[in-house]
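Comments concern the structure below.
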Amino acid sequence: IWKDGIATGYIDLALERAHVYREHAPSEIIDIPDEAMAREVEARFSMLETLADHDDALMEALLEDLAPDPERIFTDLARETREGLICPVFFGSAEHGNGIGRLFKALRHETPGVEETLARLGLEDGAAETVVQVLKTLHTPHAGKLSLVRVLSGRVADADTLTRSDGSVARVSGLFRLMGQQATKREAAGPGDTVGLGKLEAVATGETLGDAPVDAALLPAIEAPPVLGLAVSPAERRDEVKLNAALAKLAEEDPSLSVVHAPGTGETLLQGQGEMHLRVAV
């Protein structure tokens, strides 16, 4: 929902509800505005057609111009999301807390559980061995490098040794629960938990680790061709090593960033997806 070029809310096509953002307060549910009704009808039909590509009964209802059962719509959304056939899009603002509840509900009810993930990776369901997958890498001021992992099977605890796909090992130094920028120590984690593992220095985002080398598909690498480059340099030449180390950490945390050295000018360029992306990064 737009007003004077600013997004003031959104319409949930599955529930057919309009939400208007409120500053530091939950979104308010309102009737779908008249000026947005035609776009909503068109967009919802397009969504239902996509769902119907994988559901013959829903396709039949659409062809007969019958209103589909809401329960079938949500069943299809959950099933097709879990099977990787569709990817829902959600609108909201993390800064103001708008739309976050709907996102959490989808993560809980519509996204794949550990069982589906194990099956997709070709791993035995309910395997006793520990299997974890690195979702993201973080560098924190106090805990150092943290590998944010999802535990798919078994359990992982502080001081455990995990094996990478090439046979090398990495020792866990600290197990953490993350809440925003805060990392607090916690006990052992089991299937379905997402936790931070400390000091896995050589481990990169996307790796799968376990008690033994895990023969599983890696998380796909992010393919983000750079849009804009920003020349960066230290205020003093003696800080060049520190700058290079800091840029390497940035690129490790955000794979859509890259650091290159321009041979013609000798400049160090931080490349990313636009000016705002680069300004936030540095």
Side-chain angles (χ1 to χ4, degrees), residues 1-113 116-117 120 135-136 150 194 219-228 254-256 272-277 280:
I1 302 174
W2 297 90
K3 183 177 180 181
D4 299 328
I6 298 174
T8 59
Y10 67 95
I11 298 172
D12 187 321
L13 295 178
L15 291 171
E16 288 197 286
R17 290 178 183 169
H19 297 252
V20 173
Y21 299 140
R22 292 289 178 252
E23 191 75 13
H24 305 299
S27 301
E28 179 184 348
I29 299 177
I30 64 170
D31 293 333
I32 297 176
D34 292 340
E35 61 271 19
M37 186 66 74
R39 287 192 297 120
E40 189 275 339
V41 171
E42 181 182 358
R44 188 169 195 267
F45 187 77
S46 176
M47 180 193 75
L48 293 176
E49 278 189 317
T50 301
L51 294 178
D53 286 341
H54 312 286
D55 182 344
D56 292 340
L58 179 58
M59 178 64 77
E60 206 171 301
L62 294 179
L63 291 174
E64 294 178 5
D65 206 19
L66 300 175
D69 179 13
E71 187 65 32
R72 174 171 289 279
I73 294 174
F74 282 103
T75 299
D76 281 352
L77 277 170
R79 178 182 62 81
E80 294 174 21
T81 299
R82 287 174 179 158
E83 293 177 4
L85 301 172
I86 61 170
C87 183
V89 176
F90 297 91
F91 296 93
S93 168
E95 184 178 2
H96 302 294
N98 299 123
I100 306 304
R102 179 67 182 92
L103 174 62
F104 282 168
K105 181 181 268 188
L107 290 173
R108 180 180 179 185
H109 297 290
E110 298 170 16
T111 55
E116 290 93 344
T117 303
R120 174 176 58 81
L135 308 176
K136 185 172 176 59
R150 188 184 190 197
T194 300
L219 286 175
I222 293 177
E223 295 184 8
V227 175
L228 186 69
D254 183 352
S256 64
Q273 301 306 297
E275 184 176 0
M276 184 179 293
H277 184 206
V280 169

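Excluded from the calculations below are hydrogen atoms, water molecules and symmetry mates; all remaining heavy atoms, backbone and side chain alike, are included.
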>> What I want to find out is whether Arg44 reaches Glu16 closely enough, with some N-O distance under 4.0 Å, to be called a salt bridge.
In response: yes
> According to the interplanar angle, ranging from 0 to 90°, do the rings of Tyr10 and His19 count as parallel (below 30°), tilted (30 to 60°) or perpendicular (above 60°)?
Replying inline: parallel
> Passes side-chain contact (heavy atoms from CB on, under 4.5 Å), Arg150 versus Thr117? Steps please.
Replying inline: CA-CA 10 Å; Arg150 188 184 190 197; Thr117 303; 3.1 Å; yes
>> Could you tell me if Arg102 and Ser27 have a donor-acceptor pair between their side chains, going purely by distance under 3.5 Å?
In response: no
Any side-chain heavy atom of [X] within less than 4.5 Å of one from [Y]?
X	Y	answer
Leu51	Glu80	yes
Met47	Pro88	no
His54	Arg79	yes
Thr81	Cys87	no

Is it the case that atom [atom1] in [X] sees more than 12 heavy atoms from other parts of the structure closer than 6.0 Å?
X	atom1	value
Arg17	CZ	no
Glu23	CD	yes
Glu275	CD	no

Interatomic spacing from [atom1] in [X] to [atom2] in [Y] - rounded to 0.5 Å:
X	Y	atom1	atom2	answer
Arg39	Leu13	CZ	CG	10.5 Å
Phe91	Tyr21	CZ	OH	7.5 Å
His109	Arg82	NE2	CZ	9.5 Å
Phe90	Ile100	CZ	CD1	11.0 Å
Ile11	Glu40	CD1	CD	5.5 Å
Asp76	Glu83	CG	CD	10.0 Å

For the student: nearest non-hydrogen atoms of [X] and [Y], plus distance:
X	Y	result
Pro68	Leu58	CB-CD1, 3.5 Å
Pro33	Ile30	CG-CD1, 4.4 Å
Leu77	Ala14	CD1-CB, 3.8 Å

> Side chain of Glu116, backbone of Gly113: donor and acceptor closer than 3.5 Å?
Replying inline: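 Between the backbone of Gly113 and the side chain of Glu116 there is a qualifying donor-acceptor contact (under 3.5 Å).
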>> Going by the rule salt bridge (Lys or Arg N to Asp or Glu O under 4.0 Å), which residues pair with Glu60 if we only count those two or more places apart in sequence or in a different chain?
In response: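 Checked Glu60 against salt bridge (Lys or Arg N to Asp or Glu O under 4.0 Å); zero matches.
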>> Per the salt bridge (charged side-chain N to carboxylate O under 4.0 Å, His left out) rule, what does the pair list look like for residues 46-58, sequence neighbours excluded?
In response: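 Every pair satisfying salt bridge (charged side-chain N to carboxylate O under 4.0 Å, His left out) with a residue in residues 46-58: Asp55-Arg72.
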